[in-house]
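Have a look at the structure below, then the notes.
Index from 1, following the sequence. Remember, it's a predicted structure, so these values are computed and weren't measured experimentally.
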Amino acid sequence: MASAPPRQDGPRLAPGHRATLARSVRLLSAFRREQSEPEYFYGLMARDTVAQLGSYTDLDGATVIDVGTGSGFFARALTAAGARCTGIDHDLAELTAHNVPGPNTLVASALALPFRTGSADVCFSSNVLEHVPDPWRMADEMVRVTRPGGTAFLSFTNWLSPWGGHETSPWHYLGGDRAARRYERRNGRPPKNHFGRCLHPVSVSSALKWARNNDDVTVLDALPRYHPRWAEGVVRIPGLREIATWNLVLILRKKT
């Protein structure tokens, strides 16, 4: 299995973002409120993620593309940080799930981003990669639209993490199809994130391999999104990282 790419010198954990144990507990506890209080959950996640992104690049005045923007929680947090944000999502229902779509929002595919090469200072995506049938094509598109010297932030839930099956977890460990059938029997409806249709098994190792072999980027960081800083080394342990990482973040710098 591929080892994690070596960490490069670069901005690291600015004062606005601290990967502490208390932060980890706060974020993981918030998952219990995702369905009942989506505004609270996604608002908290968006603010934390934008602070994390801001430790690698200046967002004030930056042009940002939010790939898989959904209801726009991250786009609003990016805008609040001073960015000029454009969001895309392939599903109009997702764009309108919680409110009216925000400004500069497009219905488009993450596999063919409707932007010129090198047009964005930052290309950002949170928890979308596992929902597209060709994840590394999406990742390549994100790199393509990022300008030389710009930043790509790519985060996803890996399949073998405890939450890899999304609402069918932890039964996805017995197989995605079996987990989907069990969910439908118990709830009288199929899961929103149906294995093989809109949920696909993406591994930490495949992400590290793609990043390592991509000649257009330098890897600034590869880390578990919700973990405290002292636990980041789990990404470097083959096998264990597929379960313990939970959610992987790749922060990439487009080469000049």
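- Of all heavy-atom pairs between Asn193 and Glu167, the closest is ND2-OE1, 2.8 Å.
- No side-chain heavy atom of Asn158 sits under 4.5 Å from any side-chain heavy atom of Ser203.
- Glu37 CD to Glu39 CD: the interatomic distance, rounded to the nearest 0.5 Å, is 10.5 Å.
- In summary, the side chains of Arg147 and Thr117 do not present any donor paired with an acceptor at a separation below 3.5 Å, with no hydrogens or angles considered.
- For Trp159 and His172, the distance between ring centers is under 6.0 angstrom.
- Using cut-offs of 30° and 60° on the angle between ring planes, the pair Phe153 and Phe124 is parallel.
- Atoms CZ and CG, on Arg182 and Asp177 in that order, are 15.0 Å from each other to the nearest 0.5 Å.
- Heavy atoms only, all atoms of each residue included: Leu248 and Ala222 are closest at CD1-C, 4.4 Å.
- Hydrophobic cluster membership is shared by Leu28 and Phe73, with clusters built from Ile, Leu, Val, Met, Phe, Trp and Tyr side chains linked at under 4.5 angstrom.
- Shortest non-hydrogen contact noted between Val64 and Ala83 is CG2-CB, 3.6 Å.
- A side-chain N or O of Asp140 and one of Trp210 form a donor-acceptor pair less than 3.5 Å apart.
- Cluster membership for Leu199 and Met138, using ILVMFWY side-chain heavy atoms within less than 4.5 angstrom, is not shared.
- For the residue pair Arg225 and Thr49, a side-chain donor N or O sits within less than 3.5 Å of a side-chain acceptor on the partner.
- Counting only heavy atoms from C-beta outward, the side chains of Leu240 and Val234 approach each other to under 4.5 Å.
- The main-chain N or O of Ala75 is found under 3.5 Å from a side-chain atom of Thr79 such that the two form a donor-acceptor pair.
- Cluster annotation: Trp230 and Val25 are assigned to the same hydrophobic cluster (Ile/Leu/Val/Met/Phe/Trp/Tyr, side-chain heavy-atom contacts under 4.5 Å, transitive).
- Pairing each heavy atom of Ser169 with each of Gly164, the nearest pair is OG-N, 3.7 Å.
- The side-chain heavy atoms of Leu53 and Leu59, taken from C-beta on, include a pair separated by under 4.5 Å.
- Aromatic pair His194/His200: ring centres not closer than 6.0 Å.
- Ser125 places no side-chain N or O within 3.5 Å of a backbone atom of Leu154 that could act as its donor or acceptor partner.
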- Task: Could you walk me through whether Ser155 and Asn127 pass the side chain to side chain contact (heavy atoms under 4.5 Å, CB included) test, one step at a time?
- Result: CA-CA 6 Å; Ser155 171; Asn127 291 340; 4.0 Å; yes
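- Atom NZ of Lys255 sits in a crowded spot, with more than 12 heavy atoms from other residues, nucleotides or ligands closer than 6.0 Å.
- Contact annotation: the side chain of Val249 never approaches that of Asp221 to less than 4.5 Å [non-hydrogen atoms, C-beta and beyond].
- In this structure, Arg33 fails the cation-pi test against Phe41, since its NZ or CZ atom is not both closer than 6.0 Å to the six-membered ring centre and inside 45 degrees of the ring normal.
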- Query: Could you go step by step and tell me if Thr57 and Asp121 meet the side chain to side chain contact (heavy atoms under 4.5 Å, CB included) rule?
  - Reply: CA-CA 9 Å; Thr57 188; Asp121 297 310; over 6 Å; no
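- Using modelled atom types, one finds no donor on one side chain facing an acceptor on the other under 3.5 Å when comparing Thr218 with Arg253.
- Remark: Arg76 fails to qualify as a cation-pi partner of Phe74 under the 6.0 Å distance and 45° angle criteria applied to the six-membered ring.
- Atoms SG and CD1, from Cys85 and Ile65 in turn, are 9.0 Å apart once rounded to the nearest 0.5 Å.
- The backbone N or O of Gly165 lies less than 3.5 Å from a partner atom in the side chain of Thr168, making a donor-acceptor pair.
- Taking the charged nitrogens against the carboxylate oxygens, Glu232 and Arg229 have no contact shorter than 4.0 Å, which rules out a salt bridge.
- The residues Asp216 and Lys254 are annotated as not salt-bridged, no charged nitrogen and carboxylate oxygen being separated by less than 4.0 angstrom.
- Distance alone, capped at 3.5 Å, is enough to place a donor-acceptor pair between the Asp89 side chain and the Gly70 backbone.
- Using a 4.5 Å cut-off on side-chain heavy atoms (C-beta onward), Val132 and Leu111 make contact.
- Put simply, the side chain of Asp48 never gets that close to the backbone of Leu44: no donor and acceptor are under 3.5 Å apart.
- A donor-acceptor contact shorter than 3.5 Å links the side chain of Asp58 to the backbone of Asp60.
- Of the possible polar contacts, none joining the His90 side chain to the Ala108 backbone as a donor-acceptor pair under 3.5 Å is found.
- Closest non-hydrogen pair, Thr157 versus Ser161, comes out as CG2-OG, 3.5 Å.
- Within the model, atoms NE2 of His166 and NZ of Lys192 stand 9.0 Å from one another, a figure rounded to the nearest 0.5 Å.
- In Trp136, the CH2 atom is crowded: over 12 heavy atoms of neighbouring residues, nucleotides or ligands sit closer than 6.0 Å.
- Of the possible polar contacts, none joining the Thr245 side chain to the Asn247 backbone as a donor-acceptor pair under 3.5 Å is found.
- Taking OG1 of Thr151 as the start and CD1 of Ile251 as the end, the distance is 9.5 Å to the nearest 0.5 Å.
- Residues Arg241 and Ser205 have side chains that bring a donor and an acceptor to within less than 3.5 angstrom of each other.
- Counting heavy atoms from C-beta outward, Ile88 and Thr69 have side chains that stay 4.5 Å or more apart.
- The CG atom of Leu129 sits 8.0 Å away from atom OG of Ser206, with the distance rounded to the nearest 0.5 Å.
- Residue Thr146 comes nearest to Ala152 through the heavy atom pair OG1-CB, 4.2 Å, listed as atom of the first residue, atom of the second, then distance.
- You'll find the side chain of Trp246 stays beyond 4.5 Å of the side chain of Pro224, heavy atoms only.
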- Run the numbers on Tyr226 and Phe31 for ring-ring contact (aromatic ring centres under 6.0 Å, His included), then give the verdict. CA-CA 11 Å; Tyr226 308 125; Phe31 275 94; 5.5 Å; yes
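- The closest side-chain heavy-atom distance from Phe156 to Ser126 is not below 4.5 Å.
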